[in-house]
Amino acid sequence: MSLTTMEPAAPTAAEPPARRRPGWTAVAETLLILAGLARLVWGQQVAVVADGVDRLNSLSLLLGEGRLNNSEYSIMGPLFSAPLWLLGRAVATPEAGIEYFNLVVFAAGLAALGLLLRGLVPGALIRRFMLITVAASMLAPDVGHYGSETFTMMGVMVGIVVVVRGRRRGWGWAAAVVGVVNTPATVVGLGLVSLVETWRHRRLRLLVPVAVAAALVLLEILLRKGGYVGDRGAKDVMPFSGRPGFSYPFFFGVLAILFAFGRGIVWYLPGMFLPTRRALADLGPTGIDLARIQRLWLIFVGGLVLVYAPWWAWYAGMSWGPRFFLAGILPAALALALRLGHRQAGLGANLITLAVLVLSVWIGLNSLFWHELWPTACFNTPQSVEALCWYSPEYSSLWYPLVSWQFDHLTGGQWISVAYSAVVLGWLGTPLVRRIAGQVRDAWRDHLAPRLTRTAWHW
């Protein structure tokens, strides 16, 4: 039986999904999602920092004087923030509006995903996916700043869902193109998605979106004399430091992007590596091809690994976690949501899912509280070595708060955030723990207990 159909399954008399009133669990999960969004707004310091300052200056110059500067960062995303720039200027300063841009983009993109999937997949799965995204991912620092990754993630990933859904595919490709132009290196990821879709449908016109994206990137570089020509890092003890551009050894770049304790996506996006084939099979027929969405999302992220592996700053500079791969939070959240609802999984699979859930909730909390915690062993002194924060577990952003025991400095508001994370962990994890407990009990009764009886042992 096929896992997907072109239309939603017909409602039955016993359970009409389109009109059934939401139960208390749906209401509770919706409230948890809204609380998670509120925590992203008020649970951290929202500001325009780092390369966001350059983007704000570019937009201010364009709106204030009508001209472009020569910034190396794309103007595409900032153009969409012009209404917030104007609103901020009317109320206080342009920055006052701009600093909330990525929060607005993320919330709008998440709502779009929910609407696109509504009625096509179980509502419980959509809500789990959303809750994991807002409360158990490395999202917080990126939506709190004016960087490019959030806009690119939502443009491309929502666009892919529109393409797979099959209605107004052109709008989906357009959204993906706009997202890619905002972060030019991601054109490689879109290129892989376009190639896969071209092979699937045997239609060469599906290569047009990546060609348009590449042309727009090139046009902006020519108009603004931008780009990263000659860009390089400082020379330190690491053997390949101080080289310019795409000169980092590809092999070591891939290893570092995947496994480095301070930046590896295995640690920061663990859900992305969970297999979902059996979970999708047990989900049954749906109105949209979830497996294809997950596959195209992963292919896009895989393209980012390929393009950033030889980049000298593969670690994304002084940021919390691997921000270049922020788009990976969506396939990671979808995979974890599928696994949490997979009631036929074995004991080993359930234990792995539980471990990933606990780690993901910790990632969400950590990224909210300590994304500006920079150990002096890595920065700020002449003896500091940045690579300690990229490679060693003790100085990793994930674990350094435990080493330096930052819990003594939490505010009252932060303790409320801790309580919220505990509630999310309990809500998502309790059904899984119950299944694990039942499986352990069955394993004890059927296998371990008989082997431990007195009659089973001999000298």
[atom1]/[X] to [atom2]/[Y] distance, rounded to the nearest 0.5 angstrom?
X	Y	atom1	atom2	value
Tyr395	Cys389	OH	SG	8.0 Å
Arg339	Leu274	CZ	CG	5.0 Å
Leu336	Leu269	CG	CG	12.0 Å
Met272	Leu334	CE	CG	12.5 Å
Leu131	Ile126	CG	CD1	13.5 Å
Glu65	Asn69	CD	CG	10.0 Å

Backbone N/O of [Y] and side chain of [X]: donor-acceptor pair under 3.5 Å:
X	Y	answer
His342	Leu338	no
Ser319	Ala316	yes
Ser247	Pro244	yes

*Check each of Leu84, Val48, Leu56 against Glu99 using the side-chain contact (heavy atoms from CB on, under 4.5 Å) test, and report the only one that passes.*
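With Glu99 as partner, Leu84, Val48, Leu56 yield a single side-chain contact (heavy atoms from CB on, under 4.5 Å), made by Val48.
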
[Y] side chain reached by [X] side chain, heavy atoms, under 4.5 Å:
X	Y	answer
Phe324	Ile257	no
Phe151	Phe101	yes
Trp297	Val156	no
Val307	Trp314	no
Leu304	Val188	no
Leu192	Phe300	no
Ile265	Phe273	yes
Arg203	Thr198	no

To check you understand the geometry: which heavy-atom pair defines the closest contact between [X] and [Y], and what is its length?
X	Y	value
Pro401	Leu373	CG-CD2, 4.1 Å
Leu113	Met157	CD2-O, 4.5 Å
Leu359	Pro270	CD2-CG, 3.8 Å
Ser194	Val210	OG-CG1, 4.1 Å
Leu298	Pro331	CD2-CB, 3.8 Å
Pro209	Val177	O-CG2, 3.4 Å

*For side-chain contact (heavy atoms from CB on, under 4.5 Å), just list the numbers for Val358 and Trp362, CA-CA rounded to whole Å, side-chain angles, deciding distance to a tenth of an Å, and then say yes or no.*
CA-CA 6 Å; Val358 173; Trp362 167 248; 5.7 Å; no

*Given the rule in the side chain to side chain donor-acceptor pair (under 3.5 Å) test, do Ser421 and Arg39 qualify, once you have shown the distances and angles that lead to the verdict?*
CA-CA 10 Å; Ser421 291; Arg39 186 174 72 156; 2.9 Å; yes

*Is there a side-chain contact (heavy atoms from CB on, under 4.5 Å) between Leu139 and Met153 once you walk through the steps?*
CA-CA 11 Å; Leu139 175 74; Met153 171 182 69; 4.2 Å; yes

Does the gap between the ring centers of [X] and [Y] come in under 6.0 Å?
X	Y	answer
Tyr268	Trp320	yes
Tyr391	Phe261	no
Tyr248	Trp311	no

*Should Asp51 and Arg55 count as an ion pair when the cut-off is N to O under 4.0 Å?*
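Looking at Asp51 and Arg55, the cut-off is met.
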
*Under 4.0 Å between a Lys/Arg side-chain N and an Asp/Glu carboxylate O for Arg292 and Glu197?*
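Counted as a salt bridge, because a side-chain N and a carboxylate O are separated by less than 4.0 Å.
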
_Parallel, tilted or perpendicular, as decided by the 30° and 60° cut-offs, for the rings of Tyr308 and Phe325_ =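 Taking Tyr308 first and then Phe325, their aromatic rings stand perpendicular (interplane angle over 60°).
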
Under 6.0 Å from the [atom1] atom of [X], do we count more than 12 heavy atoms belonging to anything else shown?
X	atom1	result
Trp267	CH2	no
Gln45	CD	no
Phe246	CZ	yes

Are a donor atom and an acceptor atom from the side chains of [X] and [Y] found within less than 3.5 Å of each other?
X	Y	value
Thr152	Asn182	yes
Ser74	Glu220	yes
Ser60	Trp85	yes
Thr150	Asp142	no

*Check step by step if side-chain contact (heavy atoms from CB on, under 4.5 Å) holds for Ile33 and Arg127.*
CA-CA 8 Å; Ile33 293 167; Arg127 293 190 298 272; 4.3 Å; yes

_Checking Val46 against Asn102 for the side-chain contact (heavy atoms from CB on, under 4.5 Å) test, could you report, in this order, the C-alpha distance in whole Å, the side-chain angles of both residues, the deciding distance, and whether it holds?_
CA-CA 10 Å; Val46 178; Asn102 278 335; over 6 Å; no

